[in-house]
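One structure is given below, encoded as structure tokens.
Order of the sequence lines fixes the chain letters, A, B, ..., with proteins taken first and strands second; residue numbering starts at 1 for each chain.
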Amino acid sequence: MKGKELRRSRSVLPIGTVMKLTNLTARQIRYYEEQELVMPERNEGNRRLYSLNDIDRLLEVKDYLDDGINMAGIKEIYRERQAKLEAKRSDESKPLSDNELRKILQDEFMNLGGLQTPEQRSLHTHNPLI
DNA sequence: ATTCTAACA
DNA sequence: TGTTAGGA
């Protein structure tokens with residue numbers, strides 16, 4: 001259950017492939033890196049190399065943006081996601097780590113509405129979630 | 001052919 | 001965000 005994560009975190013994809021896989025422009029992909037939403041590695045020639053996890057993160061960022069959440073809001077989401085994860089790591093390091101993770105992600109969705117702009121919020125009056 | 005940084009009619 | 005110049 002460990003070699004799988006290693007493969008997903010192995011950076012090998014050039015930005016051109018990431019563009020096709022995420023439908024994002026190179027400009028957007030580089031900008032999100034500037035915002036520290038993804039931190040791809042670089043090869044000998046200073047070319048960016050992305051991992052499958054980076055792809056997932058990029059797609060997630062795109063979804064949040066589509067839902068009207070701004071850069072600050074997205075950063076806040078990841079900031080809290082990491083904070084709660086660390087908290088569970090210090091105390092009962094192993095025990096209910098799995099169920100706890102579910103609750104953490106659940107709480108995350110509960111707070112999304114507060115991070116959206118008033119405009120976007122009014123567009124989703126029928127779907128509280130998302 | 002691809003990607004990189006910097007900059008803006 | 002788009003686009004473009006000038007390099008690697």
Practice problem: Answer yes or no: are there more than 12 heavy-atom neighbours, outside A/R42 itself, under 6.0 Å from its atom CZ? | Solution: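 Correct, the count exceeds 12.
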
Exercise. Answer yes or no: does a side-chain N or O of A/T25 lie under 4.0 Å from OP1 or OP2 of C/dT1?
Key: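 The answer is no; no side-chain N or O of A/T25 sits under 4.0 Å from OP1 or OP2.
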
Exercise. Tell me whether the OP1 or OP2 atom of B/dT3 has a side-chain N or O from A/Y50 closer than 4.0 Å.
Key: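 The answer is no; no side-chain N or O of A/Y50 sits under 4.0 Å from OP1 or OP2.
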
Over how many whole Å does the gap from [X] atom [atom1] to [N] atom [atom2] extend?
X     : N     : atom1 : atom2 : value
A/Y31 : B/dC4 : OH    : C1'   : 19 Å
A/R30 : B/dA7 : CZ    : P     : 15 Å
A/I15 : C/dA8 : CD1   : C1'   : 16 Å
A/K62 : C/dT1 : NZ    : C1'   : 15 Å
A/R42 : B/dT3 : CZ    : P     : 13 Å
A/E34 : B/dA7 : CD    : C1'   : 12 Å
A/M19 : B/dC4 : CE    : P     : 10 Å
A/R47 : B/dC4 : CZ    : C1'   : 6 Å

Quiz prompt | Qualifying residue, where the test is side-chain contact (heavy atoms from CB on, under 4.5 Å) with A/V38 and the options are A/V61, A/L58, A/N53 | solution =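 Per the side-chain contact (heavy atoms from CB on, under 4.5 Å) rule, the option paired with A/V38 is A/L58, out of A/V61, A/L58, A/N53.
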
Exercise. Mind checking A/G16 for me? I need base, sugar-phosphate or nothing, with any heavy atom below 4.0 Å counting as a touch.
Key: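 Answer is sugar-phosphate: A/G16 comes under 4.0 Å of backbone atoms only.
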
Quiz prompt | Contact summary for A/K62 and A/L24, nearest pair of heavy atoms | solution =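 Between these two residues, the closest heavy atoms are CD-CD2, 3.6 Å.
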
Practice problem: Could you check which nucleotide pairs with C/dA8 in any of the strands shown, counting Watson-Crick or G-U wobble with both distances under 3.5 Å? | Solution: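 C/dA8 is paired, partner B/dT2.
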
Exercise. Could you let me know what B/dC8 is paired to, Watson-Crick or G-U wobble, both distances under 3.5 Å, or none if it's on its own?
Key: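 Checking every strand shown, B/dC8 finds its partner in C/dG2, with both distances under 3.5 Å.
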
Quiz prompt | Whole-angstrom distance between C/dG6 and B/dT2, as gauged at atom C1' | solution =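 It works out to 15 Å between them.
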
Practice problem: Record whether the side chain of A/R27 comes under 3.5 Å of the base of C/dT3 through a donor-acceptor pair of N or O atoms. | Solution: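 Indeed there is one.
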
Practice problem: Please confirm whether any donor atom in the side chain of A/R48 sits under 3.5 Å from an acceptor in the base of B/dT3, or the reverse. | Solution: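 Check fails, no donor-acceptor contact within cut-off.
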
Quiz item: Distance from A/N43 atom CG to A/L49 atom CG, nearest 0.5 Å?
Solution: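 One gets 5.0 Å once the value is rounded to the nearest 0.5 Å.
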
Self-check item: hydrophobic_cluster_shared for A/I74 and A/Y31, side chain cutoff 4.5 Å
Solution: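 They do share one cluster, since a chain of ILVMFWY contacts under 4.5 Å joins A/Y31 to A/I74.
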
